[in-house]
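Structure first, commentary second.
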Protein chains: 2
Amino acid sequence: MPSRTLPEAFAESRRAFIEAGGNTTQSLGMGRIIGQIYALLYLSPRPICLDEIVDELGVSKASVSTAVRQLAGWGAVKRVWVKGDRRDFYEAETDFGAIMRNGVLDVIRKKLSTAGTQLAKIEESLKAAQASHNGEANEELALLAARLKRAKKFHDKLNSVLGSSLLEHLL
Amino acid sequence: MPSRTLPEAFAESRRAFIEAGGNTTQSLGMGRIIGQIYALLYLSPRPICLDEIVDELGVSKASVSTAVRQLAGWGAVKRVWVKGDRRDFYEAETDFGAIMRNGVLDVIRKKLSTAGTQLAKIEESLKAAQASHNGEANEELALLAARLKRAKKFHDKLNSVLGSSLLEHLL
DNA sequence: CCTTTCGTTCAGTCTACACTGAACAAATCT
DNA sequence: AGATTTGTTCAGTGTAGACTGAACGAAAGG
């Protein structure tokens, strides 16, 4: 028979871990529920259904529904079917490296991509300016062109680093 | 004499670049002013004083004051003294790699560090639980211990990757 | 010494977005 | 078929934090 202090001490560690997960994702700009849900699943020995998450965390079903889908979207959580139960169950992907490779890096790449789109638009707009200027020397214009080129170069470098398998190999 | 369309086309490119900077930093969870200020300085052939930034961007002096200090904090912007002018002038650090190494990575490392602190606290709390339990086998407790260990291991891995000069060499 | 010019600070406002509640759709059971 | 259970959606709320305005302090000029 377990001692009386065991359950509380265990529950406390568990609660702290879940809270830490929430703090982490919140500090990264995604809400705190995301991290809490992942932590909860990460510590669970068995798949958990949506309503159980709701009870455990004391948040709305709507939040859990959307958050869980996000997590599944980047492979941090997997849907699991339990026989004889029509509810959806979820379990955590415990391989952090896999989550990084499949999910997180994609998010970063996407942000980089939108930045690249903006740079391309500016480059076009700049070409128009250079065309209408046609041969005249203009200090500011030349600087803008040079700096834009630099920015694009760095953008490409980031892209290649993120695209290379080197980074994935590290995680 | 410059053609009439040159100034507008130039200004448009410039405006778009500044806006792109704002969009980028905003999408990264830091405000949009930060990126706008950096972009403005990045495109300027000469150091710029605080009030000029205020005029150019149409934001409050308070915002510029704090934002500029943040930028200077992680080496993205340098204070410059102009002789015969007691105002503070600023210019951009144009080496993105240097900004990454000196500023951005430190921010990430700091976030990692606070996460590590939380993990350490949980580990201690868990040790207490294990002590009071003293020899009994408990599935949940064992799982929590195992998963915590995994989490710490990954945390350490991230730390070493960020600490290694390899990453800095890439940027 | 008073005035002016700059930069910072801080209490308050505004805004983006995480989060909620209730209505809804879909699937299963009786 | 209706009734019940389960997940999603969406308009609305709450809130964290970016941003502002006014008051302040510090430094230089008159």
Side-chain angles (χ1 to χ4, degrees), chain A residues 18-19 21-41 47-74 76-91 107 111 114, chain B residues 18-19 21-41 47-74 77-91 107 110-111 114:
Chain A
I18 292 173
E19 188 179 327
N23 291 340
T24 302
T25 51
Q26 183 154 35
S27 90
L28 293 176
M30 34 197 14
R32 89 182 177 289
I33 290 186
I34 295 260
Q36 289 180 335
I37 293 178
Y38 178 78
L40 176 63
L41 293 172
I48 298 185
C49 73
L50 200 149
D51 279 316
E52 203 175 339
I53 300 177
V54 170
D55 290 348
E56 193 90 36
L57 299 182
V59 293
S60 78
K61 204 151 110 172
S63 299
V64 176
S65 176
T66 59
V68 147
R69 203 178 18 204
Q70 276 198 57
L71 284 166
W74 20 298
V77 149
K78 288 176 297 186
R79 252 206 189 84
V80 165
W81 283 268
V82 172
K83 75 170 187 334
D85 200 322
R86 66 189 178 92
R87 293 175 295 181
D88 294 343
F89 284 76
Y90 301 93
E91 64 179 18
V107 173
K111 285 188 190 293
T114 71
Chain B
I18 292 172
E19 188 180 327
N23 291 340
T24 302
T25 51
Q26 182 154 36
S27 90
L28 293 176
M30 31 195 18
R32 90 181 177 292
I33 290 186
I34 295 261
Q36 288 180 336
I37 293 178
Y38 178 78
L40 176 63
L41 294 172
I48 299 185
C49 73
L50 203 149
D51 278 317
E52 203 174 340
I53 300 177
V54 169
D55 290 347
E56 192 91 37
L57 300 181
V59 294
S60 78
K61 203 152 115 173
S63 298
V64 176
S65 176
T66 60
V68 147
R69 198 162 14 153
Q70 276 198 56
L71 284 166
W74 21 296
V77 149
K78 287 175 296 186
R79 251 205 190 85
V80 165
W81 282 269
V82 172
K83 74 169 188 334
D85 200 322
R86 65 188 179 92
R87 291 175 295 180
D88 293 344
F89 284 77
Y90 300 94
E91 65 180 18
V107 174
K110 186 155 192 175
K111 285 188 189 291
T114 70

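Residue numbers begin at 1 in each chain, while the letters A, B, ... track the order of the sequences.
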Criterion side chain to side chain contact (heavy atoms under 4.5 Å, CB included) against Thr25(B), the qualifying member of Ile33(B), Ile37(B), Ile34(B): Ile34(B)

Side chain to side chain contact (heavy atoms under 4.5 Å, CB included) partner of Lys61(A), the single match among Ile53(A), Thr66(A), Val54(A):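 Between Lys61(A) and the candidates, side chain to side chain contact (heavy atoms under 4.5 Å, CB included) is satisfied uniquely by Val54(A).
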
Distance, rounded to the nearest Å, where [X] contributes [atom1] and [N] contributes [atom2]:
X        : N       : atom1 : atom2 : result
Asp51(B) : dG21(D) : CG    : P     : 14 Å
Leu28(B) : dG17(D) : CG    : P     : 16 Å
Ile34(B) : dC19(D) : CD1   : P     : 8 Å
Glu52(B) : dT5(C)  : CD    : P     : 17 Å
Lys61(A) : dT9(D)  : NZ    : P     : 14 Å
Ile53(B) : dC19(D) : CD1   : C1'   : 16 Å
Arg69(B) : dC10(C) : CZ    : P     : 10 Å
Ile37(B) : dA18(D) : CD1   : P     : 13 Å

N/O (side chain, Arg32(A)) to phosphate O (OP1/OP2, dT15(D)) under 4.0 Å: no

Side-chain N or O of Ser65(B) closer than 4.0 Å to phosphate OP1/OP2 of dT8(C):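 Yes, within the criterion.
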
Most 5' of Arg79(B) and Met30(A) on DNA chain C, judged by nearest nucleotide: Arg79(B)

Candidate pair Leu28(B) and Lys111(A), rule side-chain contact (heavy atoms from CB on, under 4.5 Å), full reasoning: CA-CA 9 Å; Leu28(B) 293 176; Lys111(A) 285 188 190 293; 3.9 Å; yes

Angle between terminal axes - the helix from dC1(C)-dG30(D) to dT30(C)-dA1(D), 5 pairs each end, rounded to 10°: 10°

Can you find a pair of side-chain heavy atoms, one from [X] and one from [Y], that are under 4.5 Å apart?
X        : Y        : answer
Val64(B) : Val59(B) : yes
Leu71(A) : Tyr38(A) : yes
Ile48(B) : Leu40(B) : yes

Grab the N/O contacts between the protein and nucleotides 25-30 of chain C below 3.5 Å, and write none if there aren't any.
none

Starting the side chain at C-beta, find the nucleotide from [options] nearest to [X].
X        : options                  : answer
Arg87(A) : dT6(D), dG7(C), dT20(D)  : dT6(D)
Gln26(A) : dT20(C), dT9(D), dA16(D) : dA16(D)
Ser63(B) : dG7(D), dT20(D), dG7(C)  : dT20(D)
Thr66(B) : dT9(C), dT8(D), dC19(C)  : dT9(C)

Nearest-0.5 Å distance that lies between atom NZ in Lys110(B) and atom OG in Ser27(A): 12.0 Å

Exercise: identify the closest heavy-atom pair between Val80(B) and Pro47(B):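 Smallest interatomic distance, heavy atoms only, reads CG1-CG, 4.0 Å.
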
Worked check of side-chain contact (heavy atoms from CB on, under 4.5 Å) between Glu91(B) and Phe89(B): CA-CA 7 Å; Glu91(B) 65 180 18; Phe89(B) 284 77; over 6 Å; no

Main-chain N/O of Ala72(B) paired to Lys78(B) side chain as donor or acceptor, under 3.5 Å: no

Most 5' of Gln70(B) and Ala62(B) on DNA chain D, judged by nearest nucleotide: Gln70(B)

